Amino acid sequence: MFEVVIGLEVHTQLNTNTKLFCSCPTSFNHKQNTNTCPTCLALPGALPVLNKEVLHKSIMLGTALNATINQTSYFDRKSYFYPDSPSAYQITQLYTPVIDHGTLKIDFEDGTHKIIRVNRAHIEADAGKNIHDGDISKVDLNRAGTPLLEIVSEPDLSNGEEVVLYLKKLHSIIRYLDIGDANMQEGSFRVDVNVSIRPKGDTKLYTRVEIKNINSFKFIQKAIELEVARQVEAWEDGVYDQEICQETRLFDQVKQETRSMRGKEEAADYRYFPEPDLLKVSISNETLAKYSKIPELPDEKMARFVKEYGMNDYSASVVTSSVEMAHFFETMMACGISSKNALTWLTTELLGRLKGDVNITNSPVDAQKLGFLVKRIEDKTISGKAAKDVLDHLMEHDEDVDSAIDTLGLKQVSDTGAIEAICDAVIAANQDKAEEYRSGKDKLFGFFVGQVMKESKGSANPQTVNELLKVKLG
Ligand code: ADP
Ligand code: MG
Ligand code: ZN
């Protein structure tokens, strides 16, 4: 009966060394209000100077989004009064954004996809932070002036699932390009969700509600669900026009509801005008050419893995799900191992052993080591079972693979002579069972294999043991 219409505004922090218009560092965890200067404190007379790195990173994102890069763009001043902005305005790009009209493809599990249009992405300065502590509120301006790109989608998304796919894809592109951390929990990737409903088939856009303050994919889906239900109910009760108005609502994760935060400002409320303290932004052909040469993106990497490593789509999507996974996997593959083993040892064995704050970027066993360990299984130096013990050991000890194998005495014995001696000894000690086996009790074969493996302390090559026992037991 109804369909849902959603458009997203994503604010992503760029990981430049310095702020957008001054040379203060952008690194966080510094003492409050120490990463500041007259410019980002908005002291009278201080003038902004554009950080070129921001333009370079914008060109990269624009290229990844198949967008037009406006080689001439401008900054505008958006007035608003709030304690976290000492200038009482934000410098942004209203009329000519640096990134214009792009697209982002989202892929569904059933193999189909949808193209989401991106209306624009513009550069703007972040505000500081208000910290509320009981009755007292404090302001920290370390973040004030940090560069942001605001990426605005067209209202092409139809449900929470599509929203999450879009955000994950955008997040992944930003990480692959290494232009930002895009960490939702830490606030370097902030999403405003605009939601409206309309009767199925209608093409008109109805009143949209903007939901802010959602910091996880799970909550985004929940917030959309709740907001859609609220709008549908108002429609069905005949009070849509009275109850649904263009406003900003806050998602309350404790009460599981959205509630009104403020009426939606109109553009006029912001008294936009061209920023008088900054020159127009010009991007030369050389700069454009240089920064539009971007690293391989997730989709391309996935396609290449399928082709080059003979992986299926699902496996390839697992190892390209993040840029860190992809790099780890590729480093493992450089050891000349099979993609199937690389995948299992990365996802099941290594990820299964990482706990707490430890992840593949700071794992005690790096990609090189894990790749080499797999290599040692493939060249039959150790069995797969022994390799698990080696990995356990390497998680605790800073040792190389071969020396860990030695330390643990796990080198597989393929030397037929040595294994033969053990087989003979085991058969001699179990004459009765050997007779039973020969008279048809096939199941006993496993017993002999087990005994030999046990005598060799697991180091005998199982294949060799099998072959030798078959001959000796007749
Ligand atoms: P503002 O900056 O005032 O929030 P924008 O024109 O930049 O306004 O649009 C904000 C977002 O709202 C865009 O992502 C757009 O796709 C989305 N949007 C616009 N109209 C609707 C609607 N009727 N329903 C859902 N989303 C909408
Ligand atoms: Mg908005
Ligand atoms: Zn500064």
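One-based numbering, in listed order, for ligands and for the atoms of each. Computed from a predicted structure; not experimentally measured.
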- Query: Between Glu324 and Arg175, is there a salt bridge with N-O shorter than 4.0 Å?
  - Reply: yes

- Message: So does Phe372 get a backbone contact from the side chain of Arg376, meaning a donor-acceptor N/O pair under 3.5 Å?
- Response: no

- Query: For Phe217, what residues pass the ring-ring contact (aromatic ring centres under 6.0 Å, His included) criterion, not counting sequence neighbours?
  - Reply: none

- Task: Apply ring-ring contact (aromatic ring centres under 6.0 Å, His included) to Tyr206 and list each qualifying residue two or more places apart in sequence or on a separate chain.
- Result: Trp235

- Task: Sort by chain and number the protein N/O/S atoms that are closer than 2.8 Å to the Zn ion (ligand 3), and list them.
- Result: Cys22 SG, Cys24 SG, Cys37 SG, Cys40 SG

With heavy-atom distances below 4.0 Å as the criterion, list the atoms of ligand 1 near [X].
X: Glu210; answer: 4 (O)
X: Glu154; answer: 16 (O)
X: Leu8; answer: 14 (O)
X: Val5; answer: 24 (N), 25 (C)
X: Pro155; answer: 16 (O), 26 (N), 27 (C)
X: Ser153; answer: 13 (C), 14 (O), 15 (C), 16 (O)
X: Ser196; answer: 22 (C), 23 (N), 24 (N), 25 (C)
X: Leu205; answer: 23 (N)

- Message: I'd like to check whether Glu9 has a polar contact with ligand 1, where a contact means an N/O of the residue lying under 3.5 Å from an N/O of the ligand.
- Response: yes

- Message: Evaluate Val195 for polar contact with ligand 1, using N/O atom pairs at a separation under 3.5 Å.
- Response: no

- Only pairs at least two apart or in different chains count here, so list each salt bridge (charged side-chain N to carboxylate O under 4.0 Å, His left out) that has a residue in residues 64-77. Arg77-Glu275, Arg77-Asp277

- What are the two closest heavy atoms between Ile337 and Gly371, and how far apart are they? CG2-O, 3.7 Å

- Query: Are side-chain N/O atoms of Asn312 and Ser315 paired as donor and acceptor at under 3.5 Å?
  - Reply: yes

- Residue pair Gln221, Glu225: steps toward the side chain to side chain donor-acceptor pair (under 3.5 Å) verdict: CA-CA 6 Å; Gln221 277 186 298; Glu225 218 173 274; over 6 Å; no

- Note on the structure: Looking at Arg198, Arg208, Arg117, the heavy atom closest to atom 5 (P) of ligand 1 belongs to Arg208

- Query: Can you tell which of Thr36, Thr26, Asp126 makes a side-chain hydrogen bond (donor to acceptor under 3.5 Å, both in side chains) with Arg143?
  - Reply: Asp126

- Task: Return yes when atom CG of Leu47 has more than 12 non-hydrogen atoms of other residues, nucleotides or ligands closer than 6.0 Å, and no otherwise.
- Result: yes

- Query: Would Gln368 and Thr331 satisfy side chain to side chain donor-acceptor pair (under 3.5 Å), going step by step from the backbone distance to the final call?
  - Reply: CA-CA 6 Å; Gln368 193 96 43; Thr331 308; over 6 Å; no

